[in-house]
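Have a look at the structure below before the remarks.
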Amino acid sequence: MRDGDSGRSHLLPLLAIGAIATACGIALGLLIDWFPTAASEESGPIDTLWDVLLIVSVPIFVLTQTFVLYSVWRFRMRPGEELEDGPPIHGNTRLEVIWTAIPAIILVALCSYAYVVLRDIETAEASEMKVRVVGEQFTWTFYYPGDGGKEVASNQLYLPTNTQVRFDVQSKDVLHDFWVPAFRLKIDAVPGITTRFRVKPDKAGVFPVVCAELCGLGHSVMRQSAHVVAPGVFDKWLADLRAKGRPGGEQPGGEEATGEEAGGAAPDGKALFTSVQPSCGSCHTLSDASSTGSIGPNLDETLKGKDAAYIQAGIEDPGAEVTKGFQDGIMPNNYGDTLQPEEIKALTDYLVEVATK
Amino acid sequence: MAARMRAPGLTRAGLFTLLGVLFAAVLVTLVRLGYGFSNPFDGADGWDEKFQNAVLTVGLIASPLFFLVGLGAFDYWFYWASGRPTRAEDHSSHGASSWKDYFRVNTDHKVIGIQYVCTSFFFMLIGGLLAMLVRAELAAPGSQFVDPNAYNGLFSVHASLMIFLFIIPVFAGLANYVLPLMIGAPDMAFPRLNALSFWMLPLGGIMMTASFLAPGGSFSTGWTAYAPLSTEVPIGQLFFTIGVQFAGASSIATALNFLVTIITMRAPGMSFWRMPLLVWANFSTSLLVVIATPFVAASQFFVLLDYALGFNFFEASKAGDVLMYQHVFWFYSHPAVYIMMLPGFGIVSEILSVKARKPIFGYRMMAFSLLAIVLLGFTVWAHHMFVSGMQSWIRIPMMVTTAIIAVPTGIKIFSWLATLWRGVLHVDTPMLFVLGFLTMFSLGGISGVMLAMVPLTIHVSDTYFIVAHIHYVLFGGSLFTIYAGVYFWFPKMTGRMYDETLGKLHFWLTFVGFNLTFGPMHLIGVQGMPRRVADYPEQFAGWNLFISLASFMLGLSTLIFVYNMVSSWRGGARADANPWRSLTLEWQVSSPPPVFNFDHVPTVVGGPYEYGVPGAVHGIFRPAGEEALPEAEPQAVPAGEPGREE
C-alpha cells in the first residue's frame, strides 16, 4: 500500500482545475449557436430551458472528467509499484448519502422548472385560429375555416403573426410528424386520432415544415414551408383562398407569391414540375427538368409512348395504375384537389411534350 | 454420406431447412386450395405474388425450427417423448480442440460463450459496414449511392443487428463464459437450453441480414418498426418481425438460465453479498429480460398478424389502435436500454477494481442501484412518446421517473470515480476503455436527463440529437465496456495475451473517431436535422461531410481490433492463469480453464474486491485428498465492510 498520502492534499488543486474547466465549459456551451431562427413565442422559454440545462450539466460533466484525468495523472502506477495496492477504502456513508441526495434535489428542481415551461407554452388563449393539418405520404395539406362552415384546403401553410394558432393534426395513412423547427414544436400525425399543439408565431418569414417521423420512401422529401406574414397580408391570402374555393397552389415562378394574384397568364408546366409541393422532381427523374428523384418511376422511361389522358390520370389518381416495381400509396393523391385544373393541364402538356417522345 | 445426413449436425440441419421450406409451400398450397383461392401458378407473371409472400412468411417461421430439429437441439426430448432410451449428457463433448468444434452443438458454457462472442462480433462487423454505407450516402446532400428504399433498409438493419445481434448477445456471451467461473460452478444450470439459446441467435441474424435479398428490399421501418407503416411495406419487413422472435427467445432462455444458475449454483460461502458485481449485473439484467422481452415478442406478433392475416390491430379505420403498438414496444425497448447497459456496468466494476488495486467503493450501494434501475426501468417507457399524441398528462410522471433514474446511475458513476481515488492505476487497454466509458457514458447520461425534460424533447425528438444520445449511450457506453471486457478476459478465454500496443492504438482511434462522429450530431439535431432521412437541406452539408469522414476513421479502427484478436489468438504469447492479479474465482484456475472449470469446488471466504487488505482471499480451493473442511472458516474476512470510513 502506498503511504504518506492522505488524500486531502489533492482536494485543493483538484477543485481549482475543476473550477477553471467548468467556467470554460459553460462559456463554450453558451457561445455555440445551437438553435435555428426562433419564430414563435414558445421558442423563448424552450431556448432558455436549454441554456439552464447546459449551465447545470456542464459542471457535472466537467467535474467528473477533471476527476478522472486528475486521478490518471496523480495515481497512475509508477515504476516500482507493480505489486502495490491502493488503500482498502470500502465506502463512506456520508459521501454516498450526499451523492444520492444532491442529484435527486437537482433533478426534481429541473423537472419542476420544465413543468412550468410546459404549462407556459401549452396555455390556450381565449381566441385562437384553427388550422387542420392532414399528413399523407408524402405531403401535408392545410385546411382553413371557410365560408359557411366549410373548410378550404391549401398545400401552403400561411400564418399570421401574433395570433395563437391551434393545429389539429391528422393522418390519412401512416404516422407522420408535423414539425416546424423555428417554432420548436412538433406532434405526431396519428391515423385514427387528432393530435394538436398551439403556437403563436411572432416573426414574419418563411420557415421549413419537416416530417420528423419515418413514413416511408419519401420521408426525406416531405418538406414544405410555413409562411408567417403580417395579419393584413394573411387575411387577404385567406380571402383569396376562400374565393377560389380551392387553393391556389404555388404560383409558378414565384416562391414569394404572398397574396398577390399572378395575372391571367397560363401556368408554366416546367415551373410547376419543380414548384408544386411536394415537387414532382423530388421523387421523379426527368431530364428536361434536371430532376433526379428515385422514389417514384423515372418519367423519361415510363412515359415513353403514353398519351395526355394517361398522364393526367396519373397525376389526379396515382393509384389507378401503378408502374411495375413500385408500390401503390406512395405518391400523394391530393394533387387533384390542391392544383387548379389549368395547372394540371399545364403539367400534363409539359410532360407530353418532353417525356412521351 | 447417408450416416452423416442422419447424424445431428449442420449437414442434417441444412437438409431439414430445405424440408421446412417445402413444408411451408405444401401447407400454403393446401390452405389456399381449401379456401378456394386461385392456382398459384396463374399469376400475371406466372407466379402469384400473394402465394410467394405466404410461402415466404410460413417458411421464415418453419425453416428455422426445422433447422434446430435437424441440428439435434431437440433430440433428447424426442427420444424421451417416444420412449426410446435417452442419451444422458455425459459432458464428453465439452471443450473445443479445434476451430471446427465451434461449429457444432456443444453444451460447454465456455464453448458457447466463445460461440456467442464470435457470432455477435460477426454481426457487429456487418452492422458496422451498413453504418459506413449510411454515412457514405449522407456525406453529401442529395442521392449518391443508394435509393431511398435501400437507405431506409441500411439504417434499419444496422440498428436491428447492433441491438438484437450484437450488444444484447455479446454480453450474454461474455457472461456465459465468465459467470459460472466467477461463482464457482462447473457449468450453467441448463447446458442443453444454453446450446439452444445460442443456436437461435444466428438464425435471427441471418434472417435480418438476408432481408436485403427479399422482393421489394429489406425491412425499412427502422428498428422500431412502427405500425401502421410496418404493416404496409414490402415483405422484407417480416424478416425483422420474425427474426426478432428468434433473437428474443434466445435472450429469454439465456436469462432464465442465468437466474437459475446464479440462485442455485453458487459455490459454498458465496452469499449474495459476496458475489462479484458482474454477477449482480447479470442477475439484474436477466430479471429485465425475463419480464420485458415477451412484450417485444408480442408487439411483433401483432405486426405479423396484421401483415399476414389482416387482423387490423393497428388499422385505424377498423377500430385499430396505432398508439398501442408504441406502448407495447417501448415497454420492452426502454428496459432493453438497461439490458444493453447493466452487464457493461458489471464489467466496469470488475476491471476498475482490479486495475485501480482498490475495493469497489460502496459495494452494497452498487448492487442496490442495479436493482433500483431494474425497478425504475419499467416506469419510464413513455418518454419515447412525448410527441406521439398520447394523453398529455402521462408525460409528467414519465418525465419525473426518467430524471430520477439518473440517481442510481449517478451513484454508480460517483462510486467508480471514488474507486479511482488514491488507487494504483494500471492504465492498460481494458482500463483505457473503462475510463473512456466513464467519460462517454457521463455525456450520454447527461443528454438523457436533458431529453427527460418534455419541452426540450418536443423540439429535439426524432432529430440527430437523439442519434447522438443513443450512440453515446450504446457505443460510448455499452460498446466501450464490451471492448474492455473482451480485452480483459481475452487471456482467460484463449490462453493468449493480446497485443498491448495495438490495443492502445485501437482505443485512441476509437475514442477520437467516436467523438468526432457523434459529437457534432448533437448540434445538427438541435439545429433541425431530422433523423432517418436519405437527403437533407444544404445547410447541414458541412457537418455531415465532417461526420462521414470521422465515421470512416472509426470504422477503420475496428479493423485493428479484429486483427489484434485474430493474430493474438493464433500466435500471441501464452497467458498466465492470473495476469491481472485478480481475486475473483475465474482467475484462480488455468487460462483457459480446465474442461470442468474447477478440479476442486472452491469455498468462498470473503468479498471479491479486497485489494489492499493484507492477506485477504476471496475463495480457497480444497487441497487434494482433504475431504472435509474445518467447521470454522479459516481466517474469514468478515462479510461486513471493514474498511468503511464513517
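Letters go in sequence order (proteins before strands), and every chain restarts at 1.
The six-membered or imidazole ring of B/Tyr472 lies away from that of B/Phe441, with a centre-to-centre distance of 6.0 Å or more. For an aromatic pair to be called close, the ring centres must be under 6.0 Å apart, and A/His10 with B/Trp421 satisfies this. Checked against the 6.0 Å centroid threshold, B/His522 and B/Tyr464 do not count as a close aromatic pair. The aromatic ring centres of B/Trp393 and A/Tyr115 sit 6.0 Å or more apart.
Between chain B and the options A/Ile60, A/Val190, A/Leu83, A/Asp33, the largest number of non-hydrogen pairs under 4.5 Å is found for A/Leu83. Note: B/Ile458 leads B/Val533, B/Val460, B/Ile458 in heavy-atom pairs under 4.5 Å with chain A. Ranked by non-hydrogen atom pairs under 4.5 Å with chain A, the options B/Leu323, B/Leu417, B/Val407, B/Leu456 are led by B/Leu417. The most heavy-atom pairs under 4.5 Å with chain A, out of B/Ala316, B/Pro455, B/Gly320, come from B/Pro455. Of the listed residues (A/Met222, A/Glu122, A/Glu42), the greatest number of heavy-atom pairs within a distance under 4.5 Å of chain B belongs to A/Glu122. Counting heavy-atom pairs closer than 4.5 Å to chain B, the top residue among A/Thr100, A/Val210, A/Asp120, A/Val117 is A/Thr100. Of the listed residues (B/Gly528, B/Ser230, B/Gly445, B/Pro215), the one with the most heavy-atom contacts under 4.5 Å to chain A is B/Gly528. Among the candidates B/Met431, B/Met450, B/Met385, B/Met390, the residue making the largest number of heavy-atom pairs closer than 4.5 Å to chain A is B/Met450. When B/Thr439, B/Val454, B/Leu438, B/Thr224 are compared by the number of non-hydrogen pairs under 4.5 Å with chain A, B/Thr439 comes out ahead. Ranked by heavy-atom pairs shorter than 4.5 Å toward chain B, the options A/Ala189, A/Ala182, A/Ala212, A/Gly218 are led by A/Ala212. Across A/Val72, A/Val108, A/Val180, A/Ile106, the residue that shares the most heavy-atom pairs under 4.5 angstrom with chain B is A/Val72. Top candidate by heavy-atom pairs under 4.5 Å with chain B, chosen from A/Cys111, A/Gly192, A/Ala101, is A/Cys111.
A salt bridge does not link B/Lys358 with A/Asp85: every distance from a Lys NZ or Arg NE/NH1/NH2 to an Asp or Glu carboxylate oxygen is 4.0 Å or more.
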A/Glu96 vs B/Phe414, side chain to side chain contact (heavy atoms under 4.5 Å, CB included): CA-CA, chis, key distance, verdict: CA-CA 9 Å; A/Glu96 286 166 41; B/Phe414 296 133; over 6 Å; no

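A/Ile32 touches chain B through its side chain: at least one heavy atom from C-beta onward sits under 4.5 Å away, while N, CA, C and O do not. Residue A/Phe197: no heavy atom, backbone or side chain, is found under 4.5 Å from chain B. Contact annotation for A/Thr195: only side-chain heavy atoms (C-beta onward) come within less than 4.5 Å of a heavy atom of chain B. Looking at B/Asp147, the atoms closer than 4.5 Å to chain A (heavy atoms on both sides) sit in the backbone and in the side chain alike. Using a 4.5 Å cut-off between heavy atoms, B/Ala452 makes no contact with chain A at all. Interface remark: B/Gln326 contributes side-chain atoms only to the contact with chain A (heavy atom separation under 4.5 Å). Contacts of A/Asp47 with chain B are absent, with no heavy-atom separation under 4.5 Å from either backbone or side chain. In this structure, the portion of A/Leu14 lying under 4.5 Å from any heavy atom of chain B is its side chain and not its backbone. Heavy atoms of A/Leu118 lying under 4.5 Å from chain B belong to its backbone as well as its side chain. The part of B/Ile396 that comes within reach of chain A is its side chain, from C-beta onward, which places non-hydrogen atoms under 4.5 angstrom from that chain. Both the backbone and the side chain of B/Glu232 come within less than 4.5 Å of a heavy atom of chain A. Only the side chain of A/Trp179 comes within contact range of chain B, judged by heavy atoms closer than 4.5 Å. Residue A/Leu54 touches chain B through both its backbone and its side chain, counting heavy-atom pairs closer than 4.5 Å. Only the backbone of B/Val233 comes within less than 4.5 Å of a heavy atom of chain A; no side-chain atom from C-beta onward does. Proximity to chain B (any heavy atom under 4.5 Å) is restricted, for A/Ile121, to the side chain, taken from C-beta onward. Using a 4.5 Å cut-off between heavy atoms, A/Arg196 does not touch chain B at all. With a threshold of 4.5 angstrom between heavy atoms, B/Ser143 approaches chain A through side-chain atoms but not through N, CA, C or O. Heavy-atom distances place the side chain of B/Phe155, and not its backbone, under 4.5 Å from chain A. Contacts between B/Thr463 and chain A at a heavy-atom distance below 4.5 Å involve the side chain alone, from C-beta outward. For B/Arg531, the part lying under 4.5 angstrom from a heavy atom of chain A is the backbone only. Residue contact with chain B, scored on non-hydrogen atoms closer than 4.5 Å, involves the backbone and the side chain of A/Leu110 alike.
Proximity of B/Val387 to B/Ser461: side-chain heavy atoms (C-beta onward) are separated by under 4.5 Å at one or more points. Counting heavy atoms from C-beta outward, B/Val322 and A/Leu175 have side chains that approach closer than 4.5 Å. Counting heavy atoms from C-beta on, the side chains of A/Leu69 and A/Ser71 never come closer than 4.5 Å.
Looking only at atom types and distance, the side chain of B/Gln237 has a donor-acceptor partner in the side chain of B/Thr221 under 3.5 Å away.
One distance of note links OG of B/Ser447 with CZ of B/Phe465; it measures 5.0 Å at 0.5 Å rounding. The CZ atom of A/Phe67 sits 10.5 Å away from atom CG of A/Leu63, with the distance rounded to the nearest 0.5 Å. Taking NE2 of A/His219 as the reference point, atom NE2 of A/His176 lies at 10.0 Å (rounded to 0.5 Å). Distance CZ/B/Phe386 to NZ/A/Lys186: 12.5 Å, rounded to 0.5 Å. Note that the CG atom of B/Leu523 and the CH2 atom of A/Trp34 stand 5.5 Å from one another [nearest 0.5 Å]. To the nearest 0.5 angstrom, A/Leu214 atom CG is 5.5 Å from B/Arg532 atom CZ.
The two residues A/Pro87 and B/Pro359 make their nearest non-hydrogen contact at O-CD, 4.0 Å.
Side chain of B/Glu137 to backbone of B/Gln144: a donor-acceptor contact under 3.5 angstrom is found. Between the B/Thr457 side chain and the B/Leu451 main chain, a donor and an acceptor come within less than 3.5 Å of each other.
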